[in-house]
Amino acid sequence: KANKVMLDATVSYNNGGIWPRSSKSDSETEDLTGGPNHLLRTHNRIKSGWDYVGVNFNMSWEPDSLNLFTLSGYYSNNRWGNNSRQDRTMFTNDMSVLWSLNRTGKNRGLYNGFGFGASYQHTFGREDHTLVASYEYDFGYNRSNNSYVNETLEGEAPETPYTRNKEINDYGTHIFQIDYSNRFNKHHLLEAGVKINLNPTNADSRPYFGTNSEDAVMNEALRVKMSQFKDIYAVYGSWSGTFDKWKMKAGLRYEHTRMGLKYKIGEYPDFTTHLNDMVPNAAVSYNITSGSSLRAAYQLRISRPDLERLNPYVNVQNPGQISYGNPNLKSEKGHNVSLSYSNYDSNKFTGGAKINYRYVANLVND
């Protein structure tokens with residue numbers, strides 16, 4: 001700290017390769033359409049490690065009691081990897097073995113990320129009357145190389161002896177935000193804001209197939225190079241009221257989302273989706289005594305599908321199983337209603353209880 005300027009910085013290091021983590025998992029995938037590939041059983045054993053270093057700093061300057069400037073930044077580097085063994089067995093409808101295989105995998109990757117943020121806060125000379133403007137930028141670069149070798153094979157599994165998938169991804173995030181709050185009197189508080197969130201992403205997936213690592217050739221027909229965009233524009237406002245033992249709050253948020261995919265390599269159609277959502281919330285509470293209260297609340301939450309669920313790229317790296325996304329998915333809308341009671345006004349009993357109900361009409365699931 002020097003005069004009205006404060007600065008702090010942190011450097012961290014973490015090595016997960018000294019003591020690698022081990023995990024096991026079992027899964028079953030059943031086909032109910034009556035086809036010959038009825039049941040797939042998979043047993044995984046994975047040992048993973050990493051090597052991470054990170055740096056971040058924060059700085060603030062308060063020239064007077066009404067103004068505050070802040071600046072922050074970070075950098076991170078993470079090299080990770082894991083070795084795996086996998087047993088896969090496919091059964092027919094009468095549970096006889098159609099094929100089985102054992103394969104080993106090597107997954108290696110590198111992640112680099114950096115970002116910074118800046119904000120300005122102005123207080124208009126009285127409590128709860130403020131204006132805050134901020135900007136944040138984040139960038140990440142992710143490279144991975146995943147290879148699998150079939151060691152033993154019984155039957156005719158739909159898989160080449162050696163597969164490798166090389167992926168190069170990067171993303172950038174820009175967030176602009178302005179928030180304003182004003183308490184007119186002891187009863188009423190108004191808050192409003194505008195937020196813009198821009199999220200461009202680039203991805204390049206290159207699948208290789210062969211009998212071993214030396215003769216593996218990239219399948220150009222399955223290669224996908226694309227860019228994704230998810231831009232969110234939001235305007236929101238809320239009102240809070242206090243009347244004797246009653247407290248109330250109601251808010252409304254309007255969001256316009258523009259999202260889609262554009263393909264640079266890959267025989268898939270580009271698409272763009274526009275979403276317009278009104279997101280309300282409301283809550284009311286009653287102070288039974290100075291230390292106990294009853295509260296009822298409603299909130300709508302939105303969850304947008306991620307790139308993996310949208311991407312129509314056909315992944316054939318798992319023998320006997322393919323996976324791909326659905327570009328027509330819409331965002332989930334979850335309705336949350338809750339009733340809670342809390343009591344901290346007694347020497348004999350303190351605590352609380354809550355009842356919560358959530359309903360999602362258009363759940364996105366695998």
Side-chain angles (χ1 to χ4, degrees), residues 21-48 82-107 109 144 146-167 203 205-211 219 221-224 261 266-269 271 301 303-334 357-366:
R21 292 185 179 181
S22 299
S23 63
K24 295 181 181 180
S25 65
D26 292 279
S27 64
E28 290 188 351
T29 303
E30 187 175 4
D31 181 7
L32 302 179
T33 63
N37 300 321
H38 173 63
L39 180 67
L40 176 65
R41 287 179 178 168
T42 305
H43 175 66
N44 291 297
R45 290 148 290 176
I46 301 176
K47 183 174 290 188
S48 59
N82 65 65
N83 297 325
S84 65
R85 297 188 67 87
Q86 186 180 82
D87 300 319
R88 303 174 68 85
T89 305
M90 180 68 74
F91 296 90
T92 62
N93 290 297
D94 60 2
M95 294 306 294
S96 61
V97 176
L98 184 62
W99 56 262
S100 64
L101 63 82
N102 172 270
R103 69 175 184 171
T104 59
K106 288 185 178 181
N107 304 320
S144 64
N146 309 318
S147 61
Y148 299 93
V149 178
N150 295 339
E151 292 191 340
T152 61
L153 174 62
E154 296 180 5
E156 296 183 1
E159 180 64 21
T160 55
Y162 176 86
T163 60
R164 183 172 80 250
N165 194 52
K166 183 177 181 180
E167 293 189 3
S205 180
R206 307 172 185 179
Y208 294 79
F209 302 92
T211 57
N219 189 328
L222 296 178
R223 182 187 177 187
V224 172
L261 291 172
E267 296 299 325
Y268 302 106
F271 73 94
R301 292 185 178 273
S303 178
R304 300 174 183 84
D306 55 23
L307 175 62
E308 183 179 358
R309 296 179 185 272
L310 288 169
N311 184 9
Y313 164 67
V314 180
N315 187 341
V316 295
Q317 288 231 312
N318 290 326
Q321 181 180 349
I322 63 173
S323 61
Y324 51 91
N326 178 7
N328 297 316
L329 291 177
K330 303 297 182 182
S331 58
E332 291 182 359
K333 292 185 177 181
Y357 172 76
R358 183 171 185 263
Y359 172 73
V360 181
N362 59 331
L363 179 67
V364 177
N365 205 351
D366 291 329

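- Remark: N44 CG to D26 CG distance equals 8.0 Å, nearest 0.5 Å.
- Annotation: the span from T89 atom OG1 to E28 atom CD amounts to 10.5 Å, rounded to 0.5 Å.
- Every residue was checked against the side chain to side chain donor-acceptor pair (under 3.5 Å) condition with S23, not counting sequence neighbours, and none meets it.
- Between P207 and R223, the shortest heavy-atom contact is CD-CA, 3.8 Å.
- With rounding to the nearest 0.5 Å, the separation of OH in Y148 from CG in N107 is 4.5 Å.
- For the residue pair N146/N165, the side-chain donor-acceptor check at 3.5 Å is not satisfied.
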Run the side chain to side chain contact (heavy atoms under 4.5 Å, CB included) check on H38 and M95 step by step: do they pass? CA-CA 8 Å; H38 173 63; M95 294 306 294; 4.1 Å; yes

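- R45 pairs by the side-chain contact (heavy atoms from CB on, under 4.5 Å) definition with K24, H43, R85, D87, N102, not counting sequence neighbours.
- How far OG1 of T163 is from CG of N150: 7.0 Å, rounded to the nearest 0.5 Å.
- Expressed to the nearest 0.5 Å, how far CZ of R103 lies from CD of Q86 amounts to 4.5 Å.
- How far OG of S48 is from CG of N83: 9.5 Å, rounded to the nearest 0.5 Å.
- In terms of heavy atoms, K166 sits closest to Y208 at CB-CE1, 4.4 Å.
- Using a distance-only test at 3.5 Å, with no hydrogens or angles considered, a donor-acceptor pair links the side chain of N93 to the main chain of G35.
- Remark: R358 pairs with no residue by the salt bridge (charged side-chain N to carboxylate O under 4.0 Å, His left out) rule, at least two apart or across chains.
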